[in-house]
There are 2 protein chains.
Amino acid sequence: MAYQRSERMQRRIASNREGIVAAARLLVSKGGLREARMEAVASEAGLSTGALYRYFPSKADLFVDVLNAAVDREIVILDEIVNGPGSARERLTDAVASFVRRALRGPNLAYAFIAEPTEADVDAARILCRMRFGEVFKAIIRSGIENSEFRAQDVDASAACIVGAFTEALVGPIAPSTRGVEDEDRLIGAVSSFCVAAVVGVVMPCQ
Amino acid sequence: MAYQRSERMQRRIASNREGIVAAARLLVSKGGLREARMEAVASEAGLSTGALYRYFPSKADLFVDVLNAAVDREIVILDEIVNGPGSARERLTDAVASFVRRALRGPNLAYAFIAEPTEADVDAARILCRMRFGEVFKAIIRSGIENSEFRAQDVDASAACIVGAFTEALVGPIAPSTRGVEDEDRLIGAVSSFCVAAVVGVVMPCQ
DNA sequence: TCAAAAAGTGAATGCTAGTTCACTATTTGG
DNA sequence: CCAAATAGTGAACTAGCATTCACTTTTTGA
């Protein structure tokens, strides 16, 4: 009869896999993608480099997973806000503010997610993750347009612009070369006002 | 007596240097930073790899130059618009539209400037270049606030948001993995409307 | 024309990780 | 307990490039 994993073994394998992802995530959050070498990940996870390749076919694959897992977490948080109570405007404000605040708290991870140099494969995954964030914002924009809180607009483009806007406003503060914010709340307020104004966009008051 | 460069020699050296930068730029615009290896740059410039190192101490230094040169060009164009005639709103619209249009025309160069994976040194330069773009937009925003076309706002943050917004809206269209725009003019319109609305930001009409 | 100085050459070097693979250890089903 | 199958090890291998350097060619100033 063929070899078949016992339940205990299945658990071990699953937990190894999670351990690898967690180890990679930890290393990224400590020192950026730069510091997250396969050897370091392996030793952090308590495995050998060879073992990693039983779980992930390549470094890029592993980090795509790490990225997606991190993004999943963020999206859960954002979705809660997006699907929560409040006007579209309020929800947009809160969503942007929440993202920016969290990014400032975990700059390495945020930088890795947003902008840190990596190999092209991982970068491609990053672009897709950004689009996933875009989806969240599309939902708010749509609901805002529906109830006339927001102007008519190209939802796809606006969502991308929002993601880009807060992302870029963060790059200075989170990039290792220029890191440091003086007034966190001020930045958060400015960025969320910008995004709200952009989608609300009632251009001339009383004409 | 010490060796001293004749005028002819000075010209040759200057033209070599320019040639190297031009070669690198050409390679980037053809195949992205990826394809722009030192050996390729050297052969495109009609020199040996060794010679490159008489002109630039490292690859990163060379590409910082390339980047800055490319950005200089763009900034000249933008400055013309910014310092030209028209309301702040019009100038902002034109500046954003012009940048986006040019980026779509030269996607490889734009991608290299905006987002392509590279070594950390070059990336740091890229961040600085983005900030240079930010400066251009700060000027428009300031003038718009001054004459009450635009709401009061954090100029630094808004400028970063604008750069981020059009940048991100471009990433999908210019990234090799997802390249392709259906309707260029639609995108341009959507992005510039977004930016204008964001800085104008009269939020409640007639309250 | 000549020797010192500088410019230019390009094959060889070196470095940095990612990846492999011959081998050992563990697990499985009987 | 045994043999087949799978999991895990980590030193060695590899590949891709940037960078160097011993050497050739050109330029300079007298």
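Keep in mind that what you see is a predicted model, and the values were worked out from it rather than measured.
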Side-chain N or O of [X] closer than 4.0 Å to phosphate OP1/OP2 of [N]:
| X | N | answer |
| --- | --- | --- |
| A:Ser48 | D:dG10 | no |
| A:Tyr55 | D:dG8 | yes |
| A:Ser6 | C:dT28 | yes |
| B:Arg54 | C:dG8 | no |

Given atom [atom1] of [X] and atom [atom2] of [N], what is their separation to the nearest angstrom?
| X | N | atom1 | atom2 | answer |
| --- | --- | --- | --- | --- |
| A:Met9 | D:dA5 | CE | C1' | 11 Å |
| B:Phe56 | D:dT20 | CZ | P | 16 Å |
| A:Arg8 | C:dT27 | CZ | C1' | 8 Å |
| A:Leu47 | C:dT24 | CG | P | 20 Å |

Where the side chain of A:Glu74 meets the backbone of A:Phe99, is there a donor-acceptor pair that is under 3.5 Å apart? no

Can you figure out which of [options] approaches the side chain of [X] most closely?
| X | options | answer |
| --- | --- | --- |
| B:Thr49 | D:dT27, D:dG10, D:dT20 | D:dT20 |
| B:Tyr53 | C:dT27, C:dA7, D:dA18 | D:dA18 |
| B:Gln4 | C:dG29, C:dT28, D:dG29 | D:dG29 |
| A:Ala51 | D:dG8, C:dT9, C:dT20 | D:dG8 |
| A:Lys59 | C:dT28, D:dT28, C:dT19 | C:dT19 |

Tell me which of A:Gly50 and B:Pro57 sits closer to the 5' end of DNA chain D, going by the nucleotide each one is nearest to. A:Gly50

Taking the nucleotide of DNA chain D with the closest heavy atom to each, which residue, B:Arg5 or B:Glu119, is nearer the 5' end? B:Glu119

Taking only Lys NZ, Arg NE, NH1 and NH2, and the carboxylate oxygens of Asp or Glu, determine whether [X] and [Y] approach each other closer than 4.0 Å.
| X | Y | answer |
| --- | --- | --- |
| B:Arg142 | B:Glu146 | no |
| B:Asp94 | B:Arg91 | no |
| A:Arg132 | A:Glu135 | no |

Going by the angle between their ring planes, with limits at 30° and 60°, are A:Phe137 and A:Phe166 parallel, tilted or perpendicular?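 Ring orientation of A:Phe137 relative to A:Phe166: tilted.
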
OH/B:Tyr55 to CD/B:Glu18 distance, rounded to the nearest 0.5 angstrom?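 Between atom OH of B:Tyr55 and atom CD of B:Glu18 there are 11.0 Å.
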
For DNA chain C, which residues in residues 11-42 of chain B have a heavy atom at a distance below 4.0 Å? B:Arg12, B:Ile13, B:Asn16

Between B:Glu90 and B:Glu149, is there a side-chain heavy-atom distance shorter than 4.5 Å?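 With C-beta onward as the side chain, the pair stays apart.
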
